[in-house]
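The structure appears below as structure tokens.
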Protein chains: 2
Amino acid sequence: MKVVKLILTTNSLFNEILSSQTANRTVKQQRIVIAAIRLFAEKGYSNTSTAEIAKVAEVSEASIFKQYVTKDRLLLSLVVPYIKEFFPSKANETINQIISKADSTFEGFIRAFLKNRIAFIVENREIFQVLIKEIIYKEELKNELLPYFSELVTPLMTKVIELFKERGELIDIPITRILKLIFTFIGGFVASRFVLLNQESINDEEIEDAIHFIINGIQKASFDNK
Amino acid sequence: MKVVKLILTTNSLFNEILSSQTANRTVKQQRIVIAAIRLFAEKGYSNTSTAEIAKVAEVSEASIFKQYVTKDRLLLSLVVPYIKEFFPSKANETINQIISKADSTFEGFIRAFLKNRIAFIVENREIFQVLIKEIIYKEELKNELLPYFSELVTPLMTKVIELFKERGELIDIPITRILKLIFTFIGGFVASRFVLLNQESINDEEIEDAIHFIINGIQKASFDNK
DNA sequence: CAATAAAGTGAGTGAGTACTTACTTCTGGT
DNA sequence: ACCAGAAGTAAGTACTCACTCACTTTATTG
């Protein structure tokens, strides 16, 4: 069995960290990670000094640099493993399972997908905030995540959309455009709630509204009003 | 005729700048504004030094502080007048005009609204980027803009939604929840295109997709699949 | 045109910045 | 019990930061 691990073609720091281990950390190194995530999430990367991280982690500043060499690499070391987890390869199986069921609906799929990913964000709220806040500034992060996203998520979602499109329920535009609409909304949804409004969770009512909005948004118009 | 100008109850720097004049600036002060917007948009507020702004504006650093006192106030002086323009009181008339027409459709309204606001963003792309990027970090900006938004935009939009809701075309949930869905999508739409992807414009095809998505998203389900 | 105010600046300043160095302490394998 | 290498640190380093001050230049006005 061949396992293809390499997804990105570029050889970057991003990939280096992707393949590095995050386990067997010392207690102090753990404290650095926790402190850094908390401070970066709260005040942003640029507004947090390494001195402050060291103080909160109750560790000498030099300990941070012994391990991470630069402040920049510290950020990447926090964010990259999170991204790795956010798009799990396991999702493939789950999706195949869902779409193999004959009675499965697109609504059910979207509900499962949304609730699952929101739960994941809630579990790791702070690091999600760091990611969203810093992806705007760090070109490297942006240029690596966007392809990573489109290469891992797009094929999976395309599969699902295709299935329901064949049933004729969905709007008659290319799948890439449907996906763009869905992810624009979901992106706006989680970013506004968890980053802008700093919510700790999202209640079910709002999630159901969102699901309805997405489902109807991409369905074939029931009446042409043009 | 009474003109009620005070919208916010708090007495803050935000309001002070809101009521201050932006006209009769010197040539050099104009250069400072242009340089600051460009640099803040490109690298972010925290990653831009006042020395760099002065250099790009070809002005002494002290000139910036003579006028704006602090770097923080410089940012607010750029962003607040933009916010002021973004939610124009004129919109009230326009909306009344639109909804007074008997043959007006919700789709037509959304199209006019979206295209108009997107055109405004395109015209002032850099300052829009500054606003979105910094609203995440500056609590003051956030805590002032959110009420400003809800007090100026919500009543107007509520009026429109109400009208079309009476016709029975829209989903049967409270208007505030409908508005939240619409603005979550539109927010995600403009933020992702203009800030994350740094696009200079949005083509008509994509705007039409967005309109369809919104219209269908909030319409009454044509078939109940529950 | 003189008086006054406003706009502008060169040369700082102290506080903070990411990062380094020379050294000590801890830990796991033999 | 020993010791090599990893983990940790106090005390720096060079440099950048927002901001100030004493002073000059330009614009306004009676």
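Note on naming: letters A, B, ... go to the chains in the order of the sequence lines (proteins, then strands), and numbering restarts at 1 for each one.
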**OP:** Figure out the CZ/C1' separation between B:Arg73 and D:dA18, and round it to whole Å.
**Re:** 16 Å
**OP:** Mind calculating the distance between OH (B:Tyr68) and C1' (C:dA7) to the nearest angstrom?
**Re:** 13 Å
**OP:** Report yes if at least one side-chain N or O of B:Gln29 is closer than 4.0 Å to OP1 or OP2 of C:dG8; otherwise report no.
**Re:** yes
Original post:
Listed by chain and number, what are the salt bridge (charged side-chain N to carboxylate O under 4.0 Å, His left out) partners of A:Glu52, not counting sequence neighbours?
Top reply: A:Lys43
Tabulate protein N/O versus nucleotide N/O from nucleotides 15-22 of chain C, keeping only pairs under 3.5 Å, one per line.
residue, atom, partner, partner atom, Å
C:dA18, OP1, A:Thr48, O, 3.4
C:dA18, OP1, A:Lys71, NZ, 3.0
C:dA18, OP2, A:Thr50, N, 2.9
C:dA18, OP2, A:Thr50, OG1, 3.0
C:dC19, OP2, A:Lys71, N, 2.6
C:dC19, N4, A:Glu61, OE2, 3.4

Original post:
For the pair made of CD in A:Gln30 and P in D:dA7, what is the distance, rounded to whole Å?
Top reply: 14 Å
Original post:
Distance check: side-chain N/O of A:Ser60 vs OP1/OP2 of D:dA10, anything under 4.0 Å?
Top reply: no
Subject >> Listed partners of A:Thr154 passing side chain to side chain contact (heavy atoms under 4.5 Å, CB included), at least two apart >> reply: A:Ser150, A:Thr158, A:Leu179
Original post:
Partners of B:Glu205 by salt bridge (charged side-chain N to carboxylate O under 4.0 Å, His left out), sequence neighbours excluded?
Top reply: A:Arg177
Subject >> salt bridge (charged side-chain N to carboxylate O under 4.0 Å, His left out) partners of B:Lys55, counting only residues at least two apart >> reply: none
Solution key, residues 117-127 of chain A side-chain donor-acceptor pairs under 3.5 Å, sequence neighbours excluded:
residue, atom, partner, partner atom, Å
A:Arg117, NH1, A:Phe86, O, 2.8
A:Arg125, NE, A:Gln199, O, 2.8
A:Arg125, NH2, A:Asn198, OD1, 2.7

**OP:** Just report the end-to-end axis angle for the helix from C:dC1-D:dG30 to C:dT30-D:dA1, five pairs per end, to 10 degrees.
**Re:** 20°
Original post:
Thinking salt bridges, do A:Asp204 and A:Lys115 make one under a 4.0 Å N-O criterion?
Top reply: yes
Original post:
Mind checking what makes side chain to side chain donor-acceptor pair (under 3.5 Å) contact with B:Lys66, not counting sequence neighbours?
Top reply: none
**OP:** Check the distance between D:dT9's P and A:Glu58's CD and give it to me in whole angstrom.
**Re:** 11 Å
Original post:
Does anything in residues 27-41 of chain B pair up under salt bridge (Lys or Arg N to Asp or Glu O under 4.0 Å), and if so which pairs, sequence neighbours excluded?
Top reply: none
Tabulate protein N/O versus nucleotide N/O from nucleotides 24-29 of chain C, keeping only pairs under 3.5 Å, one per line.
none

**OP:** Write down the distance between CD1 (B:Ile64) and C1' (C:dG8), rounded to a whole number of angstrom.
**Re:** 12 Å
**OP:** Scan for ring pair (Phe, Tyr, Trp, His ring centres under 6.0 Å) pairs involving residues 41-65 of chain B, sequence neighbours excluded, and state none if there are none.
**Re:** B:Phe40-B:Tyr45
Original post:
So does B:Lys28 get a side-chain nitrogen or oxygen closer than 4.0 Å to the phosphate oxygens (OP1/OP2) of C:dT9?
Top reply: yes
Subject >> Partner residues of A:Lys142 under the side chain to side chain donor-acceptor pair (under 3.5 Å) criterion, sequence neighbours left out >> reply: A:Glu139
Subject >> Distance (rounded to the nearest 0.5 Å) between B:Glu58 CD and B:Ile32 CD1 >> reply: 12.0 Å
